[in-house]
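Notes follow the structure.
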2 protein chains.
Amino acid sequence: MKMKDKITEKSIELFGEKGFNETSIQDIVDSLGVTKGTFYYYFESKQQLLMDIHLTFIDDLLSRQKDILSDQSKSCKTKIFDIVRMLIKNIEKHGWDALIFFREIRHLNEEQMDKIVKKRALFQHHLEDLIKLGMSQGEFRGGLPADIVTLGILGMCNWSYFWFDPKGRVPDEKVAMIYVDMVLNGIAVQR
Amino acid sequence: MKMKDKITEKSIELFGEKGFNETSIQDIVDSLGVTKGTFYYYFESKQQLLMDIHLTFIDDLLSRQKDILSDQSKSCKTKIFDIVRMLIKNIEKHGWDALIFFREIRHLNEEQMDKIVKKRALFQHHLEDLIKLGMSQGEFRGGLPADIVTLGILGMCNWSYFWFDPKGRVPDEKVAMIYVDMVLNGIAVQR
DNA sequence: AATTAAATACCAACTGGTTAGTACATCGAA
DNA sequence: TTCGATGTACTAACCAGTTGGTATTTAATT
């Protein structure tokens, strides 16, 4: 693996475990057996490294969301399920990334944060549009404001980054199914 | 107001805005026009101050949850609504507190973190028990695992700390109603 | 009421330690 | 010999916590 990727990978691990500010450049290079000269050859600053991590993460999510949404053969319900599953499955592959994405965003500078926030909003709006589409096509009931519903679903999914254990007894696929069942059908006994 | 309370209040504000590590004791005392000696007269360490903030926050939540749950006259559905409303209403009064509670917990030491994590788990288990009760009494349908449902509901609520704007167009009462409607009845059109 | 002892509230200066980032040296391969 | 890649040594800034005080308030005693 290239040194730049090694640095990125190890940084994600350390930022996730200890936090951005609590991880020094020295920690990162020491654990790779190199020196700071190497780090600053590949990254112009610690902040830039964090921005790289954020960009890779959100761009990957957006791209996979696009794939799901552009599949014409699927119903809105199925698409919601696919998106929820994707978000939760993501933990297994990119456990630390997501934590960093939510926890360390404030260490970006204004300009960088703005870019990331805009991309996050894009993801959110795509989901909101899907829900609105489902409402207009009669798959989902009207009466509930799509924006709040969207935030509710995203909250459920995103929060799982704080508790979901990939080695736990409930597999990600199952969690996604339960969440979608819950959101679609509710937990109350229907009269 | 007593100096100790002033320090706590201002610290919450600064920790919320800038983060725990990014706020120095000097920042706190400067913005109050006192000196570090004053700070260390009231708090034994920066970490202890953070622990104070965490304890006050979770103890308050637990106490209010207890009040809701112990009301015999209410149905499980109503109790769920009350808890969700309480969590979301909390943002208006304690906006920054909650952010600190979720974001800065890792700056506590092991022993402190353990205490807080246990209290968080208590809150979670109380909610889980309520859902199980609702299932056994026929208010909620069975088939969904109560623990995952609990985490879903908590996720929805807790995530709102990251976006809810007390001055926004949707009032907290309304958000709580939408979330509970969503969780109880689902968003799908029932066949 | 006057005096004194003790507790409270605060301050200024300092210490020991850490960290991001820089300047420049070195080394090896093409 | 050039240059991409890495190492060494350093700096300037920052910060948590300590120490040794002082001023003020409170409480007890005569």
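Residue numbering restarts at 1 for every chain, and letters A, B, ... go by the order of the sequence lines.
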CZ of A/Arg64 to CG of A/Asn90, rounded to nearest 0.5 Å, is 4.5 Å
Rounded at 0.5 Å granularity, tell me how far CD in B/Gln47 sits from CE in B/Met51.
9.5 Å
For DNA chain D, the residues among residues 16-32 of chain B that have a non-hydrogen atom under 4.0 Å from it
B/Thr23, B/Ser24, B/Ile25
Heavy atoms within less than 4.0 Å of DNA chain D: which residues of residues 38-56 of chain B have one? Give them sorted by number.
B/Tyr40, B/Ser45, B/Lys46
How many whole angstroms separate atom NE2 of B/His107 from atom P of D/dA16?
11 Å
Taking A/Asp59 as the fixed residue, which of A/Lys66, A/Lys115, A/Lys119 is the one that meets the salt bridge (charged side-chain N to carboxylate O under 4.0 Å, His left out) rule?
A/Lys119
Would you please classify the geometry between the B/Tyr179 ring and the B/Trp163 ring as parallel, tilted or perpendicular, with 30° and 60° separating the classes?
perpendicular
Mind checking whether B/Phe162 and B/Phe102 have parallel, tilted or perpendicular rings, split at 30° and 60°?
tilted
Any donor-acceptor pair under 3.5 Å between the side chain of A/Lys36 and the base of C/dA20?
yes
Test B/Phe81 against every option in B/Met86, B/Lys74, B/Met177 by the side-chain contact (heavy atoms from CB on, under 4.5 Å) rule and name the one that passes.
B/Met177
Between A/His54 and A/Glu104, a side-chain donor and acceptor under 3.5 Å
no
Please confirm whether B/Lys4 makes a cation-pi placement over B/Phe43, using NZ or CZ under 6.0 Å from the six-membered ring centre and within 45° of the ring normal.
yes
